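Inspection log for the structure reproduced underneath, given as structure tokens.
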Amino acid sequence: MLDQKQESKLANSNNNLSSELLASLPEEIRRHLYFTLGHFSDKIDSHYYYQALANAIRDRVTTHWRTTRKRFAESTNRKVHYFSLEFLLGRSLNNAIQNLGLDEESRRALHAYGLKLEDIEEAEPDAGLGNGGLGRLAACFLDSCANLELPVVGYGIRYEFGMFHQTIKDGRQVEGPDHWLRDGNPWEIERPEDTRTIKFYGHTRRGLDENGKSFTKWVGTHDLLAVPYDMPIPGYKNETVNTLRLWKAAATDVFNLEEFNSGNYPDAVVQKNNAEQISMVLYPNDASENGKELRLKQQYFLVSSSLQDVLAKWVEQHGEDFTKFGELNCFQLNDTHPASAVPELMRLLMDEHGLSWDEAWKITSNCMAYTNHTLLPEALERWSVGLFSRLLPRLLEIIFEINERFLADVAKQYPGDMELRRRVSLVEEGDHPHIRMAYLSIVGSFSVNGVAALHTELLKSGLFSDFYAMWPKKFNNKTNGVTQRRWLSHCNPELRDLLYETIGTEWESNLEQMSKLLPLADDAAFQAKWAAVKLKNKKRLADYVLSNTGVTFDPNAMFDVQVKRIHEYKRQLLNVLHVVHLYDRIRRGDTSGMVPRCVLIGGKAAPGYHVAKLIVKLINNVASVVNSDPKTKDMLKLVFFPNYRVSSMEIICPGTELSEQISTAGKEASGTGNMKFMMNGALTIGTLDGANIEIREQAGEDNFFLFGMDAAGVVEAKKSYNPDAIIAGDDDIRRVMELIEGGHFNEAEPGIFELLTKGLRNPQDQWLTIGDFRSYIDAQVEAEAAYADQKKWNRMSIINSATSGWFSSDRTIQQYADEIWNAKPLRDGKA
Ligand SMILES: *Cc1c(COP(=O)(O)O)cnc(C)c1O
């Protein structure tokens, strides 16, 4: 331990450590190559240059990080803790360079070594700690919080293996491990001094303490350690650097010692591995629960370590006085994955800090806020009471008590309504009772939000209607957004420069400025520049497609793209049916009005989701037939783009002209891919689902290709859905089905697509794919007509970008800060 004098001396010398002590970037790169990485040879792999540059840039982040942390620790503003099992960050190097304004300097530094920044950036693996939209949203939110200088810390898990790597073999998805940390991660700093202990299993014991006060203890537990790794989240040119804290699981020494002393050294080591398993792998399920014990362990591990972290810092600052804890802290739960935060905060406040139930409940229910991400029943988390009682016995007791008290309140408010009490109970009764995590989140939170206007309305009128009737003020909407720093500025430098030259730079921190483009939508000279940018981005995408798939895209064709997780509700199948329809028209010589088109589909299927994997196979099989048929050569191409991830979206979205957002209405909560495309000037062909509705409102209905049933229409259509009749009554659709059912795309593997074609013909088909097909074909014809008139298309494209201001995550986060968190920027008025 340091004495006070030593401590203040150290603090002073730390204060003098600033970026001014750092040498020039080229020298810092050399220093890191030599001293940090120990690299002495003349031939240096680009990987080492990446490491050296990343270290040099990180050094430049450090001073601001330190000041922000200090400001955060000392602040009496409300602090926000964003709890998420997923953060889909992608790459960090360019993000830091851009946000610190070091682009020119980095380029010059690398030039001295004969290197290009873009090539060095390629050496960085994506941080793929998420499945799709939900995880990427968390990453965009952190960026916007730092941009707005809000006191927000992200809390997550440092998965050793992120989202699996996807390759395609014989048209089928093959999963490989994503060992993203293998070569080290310069963007994290281990903070072992903040290690927390996490309990599992055991049982509870009640008693009276020396003052005669009753207590409950959770004893006989298996303990393990949570070790934090911090990643810097730099704000945009504002000297703010926020923190993402990711936990890694480790064995406690005690845990090992017991086994060790009993002479069982190998078992002790195995135990250590068991502990580390908790943070070993990200579950690759998007919008579906999987019910595995290890997953519940991950959830509790994140929640307990993070809450202990926040409480420990509170106690440092305020001692054991928690009166203002709820007022000065807020926990935003990204879906129900971290819902055990509700009973865990209760447990910590009561069992560890001696608060009464009422005191603890007042605090907890005033600082938890829950974001719902889906209405799909298969995604609603339910944990078996049996599993819960084994793994987290104390938490289960607390959940039962929350439920008892809640149901007693319901009985008071709605006397005699037993049916209501059964419906809203946190426990789903039956042979195998389950805990309903969404209900637990609603009851334990002061705010419940959906992620797009339609989604929130459907929550209120459907899934959560009983709760909405009880607590209408709890419910609110926060339409998702994406950060324009990554999804426009960074990924589309050609457009960025055109925007700089045309409307200045303010849009980078205020996307509403994009509306300054509106007066130029019809300006021929500006349209020409706009089109030239798009063409460059299409060429870049075509090169990328060629090197990843071997398929040639002609940059003069229409680039039609659907990239997102593969899921039945997202209806990649509808897209394939349309490609088959175009192929059929070409083969029949019916090409009037058709424009040459290159269709790209990409996305990962959950490894256990059989139908989704079969859809991948169908896309690949159709692609191989279409691309090798000499008749279609100049008119139609289809590729399945493998291993879709953040860094591939950065090349795909600027080169896209037509954005496919074709989910069954009422199923896509918001979507965020739709927003990235819009910003980059793509036109949307889409249903009235999620944020598509708001995109169409912003862009205007003339600048959006709408098709299909709306959410109410879907409910209505299901009552008498008859796909066979639709197929029989529409020659285009009939021919498409005949081609697929006749085995045209699987001559060597007869029958393999039957599951899909039977699903399409099933009157119970939830996704109504055949029901929307005719309308989709017609909207595609409309899109082609617009494309054939390039002046019109460019106008529509400009208008889409110009009206994308609403979809910045800066706007979303400002609304969270104002309407949920009651959070103020750390430096109000600025220093
Ligand atoms: C934006 C994004 C998503 C979300 O896409 P949706 O079309 O909204 O489902 C998924 N994955 C990655 C890599 C993304 O960048």
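All heavy atoms count here, side chains included; hydrogens, waters and symmetry mates do not. The shown structure was predicted, so the numbers you read here are calculated from the model rather than taken from an experiment. All ligand and atom numbering here is 1-based and tracks the order in the structure.
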Within the 4.0 Å heavy-atom cut-off, what Lys676 brings close to ligand 1 is side chain

Honestly, for Phe677 the part within reach of ligand 1 (heavy atoms, under 4.0 Å) is neither

Provide the closest heavy-atom pair for [X] versus [Y] in the form atom of the first, atom of the second, distance.
{"X": "Gly481", "Y": "Thr672", "result": "O-CG2, 4.3 Å"}
{"X": "Ile813", "Y": "Phe141", "result": "CD1-CG, 3.5 Å"}
{"X": "Asn99", "Y": "Arg485", "result": "OD1-CG, 4.2 Å"}

Starting from [atom], locate the nearest protein heavy atom and write down its residue, its atom name and how far away it is, to 0.1 Å.
{"atom": "atom 9 (O) of ligand 1", "result": "Lys570 NZ, 2.8 Å"}
{"atom": "atom 12 (C) of ligand 1", "result": "Tyr644 OH, 3.5 Å"}
{"atom": "atom 8 (O) of ligand 1", "result": "Thr672 N, 2.8 Å"}
{"atom": "atom 5 (O) of ligand 1", "result": "Gly673 N, 3.7 Å"}

Exercise for the section: Just say parallel, tilted or perpendicular for the rings of Trp793 and Tyr787, cut-offs at 30° and 60°. Expected result: perpendicular

Mutual orientation of the aromatic rings belonging to Tyr609 and His567 [parallel < 30°, tilted 30-60°, perpendicular > 60°]
perpendicular

Go through ligand 1 atom by atom and flag the ones less than 4.0 Å from a non-hydrogen atom of [X].
{"X": "Arg645", "result": "13 (C)"}
{"X": "Gly133", "result": "3 (C), 4 (C), 10 (C)"}
{"X": "Trp487", "result": "15 (O)"}
{"X": "Gly671", "result": "8 (O)"}

Report task. Consider every N or O of Leu88 and every N or O of ligand 1, then say whether any pair is closer than 3.5 Å. Result -> no

- Query: Any N/O of Lys564 closer than 3.5 Å to an N/O of ligand 1?
  - Reply: yes

Closest to atom 10 (C) of ligand 1 by heavy-atom distance, out of Ser648, Ser647, Gly132, Ala669, is Gly132

Checklist entry - Can a salt bridge be assigned to the pair Glu512 and Arg811 using a cut-off of 4.0 Å between side-chain N and carboxylate O? => result no

- prompt: Can we say Glu819 and Lys478 salt-bridge, meaning some charged N sits less than 4.0 Å from an Asp/Glu carboxylate O?
  reply: yes

| Donor-acceptor pair between Asn477 and Thr479 side chains, under 3.5 angstrom | yes

Evaluate Glu175 against Lys613 for salt bridge (Lys or Arg N to Asp or Glu O under 4.0 Å), listing each step before the verdict. CA-CA 11 Å; Glu175 299 95 25; Lys613 292 176 101 169; 2.8 Å; yes

